[in-house]
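What you see below is based on every heavy atom in this structure, not just the backbone, and it leaves out hydrogens, waters and symmetry mates. Along the sequence shown, the residues carry numbers beginning at 1. Atoms within a ligand are numbered from 1 in the order they appear, just like the ligands themselves. Quantities reported herein were computed from a predicted structural model and do not represent experimental measurements.
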Amino acid sequence: MLINADLHIHSRYSGATSERMTIAALSVEAPRKGINVLATGDCLHGAWQNEIKTCAVIDDGTFEMNGTRFILSAEVEDNYRVHHLLYFPSFSAVDAFKESIKTKSKNLETDGRPNVNMNGLELAHLAKDVDALIGPAHAFTPWTAMYAYHPSLESCYGDLTPYISFVELGLSADTDYADTIQELHRLTFLTNSDSHSPHPVRLAREFTRFEVKEPTFQEIKKAILRTGGNKPVLNVGLPPQEGKYNESACISCFTHYTLDEAIKRRWKCSCGKRIKKGVRDRIGEIATLKAPQHPEHRPPYVHLIPLSEIIAKALGQHTPFTQGVTKRWDELISAFGSEINVLLDADFREIAPVTIPVITAAIQAFRDHKVIIIPGGGGQYGTIELPTEDTRLLVPPGPKNSQTSLLDY
Ligand SMILES: [Zn+2]
Ligand SMILES: [Zn+2]
C-alpha cells in the first residue's frame, strides 16, 4: 500500500511552537492534508510521551488516534549545533536512549528538542545501541545543519557513516539540489514539514510517500532502508525558493546577495547586520557534480504550494492565517477530502462549483506552473505571486487538467 508520511514535526513542548500542537489536533488535521502517518517529534519529553500514550497501541512503535498513525521521533541538537532526526522502534528504546544522554543535556526535561553535549558520531553510537535510525535534519540550512558545520557525512558521523540511511532535505532544497552531492546518492531522501503548528499552511507542507505493507514503524523503517520491497516512491515539497534560507540574504533587512557579493562584503549587509549563506549557495560549494545525477532508486519530486497560501493570494490577503482563507479552504477540503486531492487530482469541472472563480483560477495557475515564486532568504520565507491575467479568467468547463497527478506514482 501507499502511505503519505510527514516524519518531522514539533510538539507544544518545543520552543516557538503553537499551543495547538496536541496529538488530538494533529490526528484530525493530518488526514485533511492527505497524510496517513506522522512522526510524533519530541518523544524524549515526558509530558509529550504521556500524550502519545493516550493513542491506541498498534504495536511497540506504532500508535493511532482518529485513524492517523504515529511513530516515535525526536530531534536533538549536538555540540556543534547540528540537528539530528531520530526514529525509535519502541518506548523502551526511547527510554534507554534518554537514559544514555541524561548527564549530557541540561534541557532534556524542559525542551522537546533538547541540546546534547555530544557530537554526531557519539549520538549515532547511542542511536545504534537502541536500534533507532538517525540522520541529519534539514541538512543544508545555515544555522543548525550538518553541512553548515561539516564538509561531509563522514566529518559528522565518522566510523558510523555507513549506519546513516537517510537525509532530510529541508524546505529550501529538493532532490535536484541534493543529488549534486555524490555521497548522498546512497541515502533515502526524506521530505518533512518540520512544522511547529497544525495549521494547513505548515503541517505536511512536505511529506514522503512510501510503498509499505502496513503503516507501522517497522514497515516505514524498511522503506527508509529500501529493503523487503518497501521504498520511498515520491518526495513532495515546497519549491525550494519558498524556503526561508534558499538564497543568501541579510538576517535583519532580508536584502539578498549573490555569493560573490556576500564574500566581497565579508558577509556583512549594508545595514550592518549579518548575511546568512543560502542553501543554494552552500550546495554550490559542496556539490561534487555540475548537474544532478539521480541514482536509480531515487523517486520523483513533486513541488507543492500549500493550498491556503494559494487561496490567500487569490483573495488578495497578506497571510493565510485569516478566517476568510480558512472558510474557503474548509469548503474545498469538505468537498474533496484532502488538500492533495484539491491541488492535484480533482477535476476542474467539480472544483468550480465548490468555490469562487478567483480561487479556481489560482489553482489552475498552480497546476499550469504559472505561479511566480519570489525566493526566500535570511530567515524569511519566499512568497508567491499569481499571474494577474489568469486570476481574472473564469475557468471554462473542460477536460481534466493534464498536469502530473499524484495518482500516477
Ligand atoms: Zn531542526
Ligand atoms: Zn541588512
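When ring centroids are compared, His294 and Phe189 stay outside the 6.0 Å threshold. Not less than 6.0 angstrom separates the ring centroid of Phe140 from the ring centroid of Tyr177.
Judged by a 6.0 Å distance limit and a 45° cone about the ring axis, Lys33 is not positioned over the six-membered ring of Phe207. Because its NZ or CZ atom is not both nearer than 6.0 Å to the ring centre of Tyr149 and within 45° of the ring axis, Arg81 does not count as a cation-pi partner of that residue. Judged by the 6.0 Å and 45° rule, Arg367 forms a cation-pi pair with Phe348.
Within His83, the N, O or S atom lying nearest to the Zn ion (ligand 1) carries the name ND1. Looking at His138, its N, O or S atom nearest to the Zn ion (ligand 1) turns out to be NE2. Of all the N, O or S atoms in Glu75, the one closest to the Zn ion (ligand 1) is OE2.
Between the OH atom of Tyr80 and the CG atom of Asn119 there is a distance of 6.0 Å, given to the nearest 0.5 Å.
Residues Leu44 and Leu108 form a side-chain contact, since some pair of their non-hydrogen atoms from C-beta on lies under 4.5 Å apart.
For the Zn ion (ligand 1), the N/O/S atoms of His8 include none lying under 2.8 Å. The Zn ion (ligand 1) has no N, O or S atom of Asp194 closer than 2.8 Å.
A donor-acceptor pair under 3.5 Å is absent between the side-chain atoms of Ser27 and the main chain of Thr68, judged by distance alone.
Taking a cut-off of 2.8 Å, the protein N, O or S atoms nearer than that to the Zn ion (ligand 2) are Cys250 SG, Cys253 SG, Cys269 SG, Cys271 SG.
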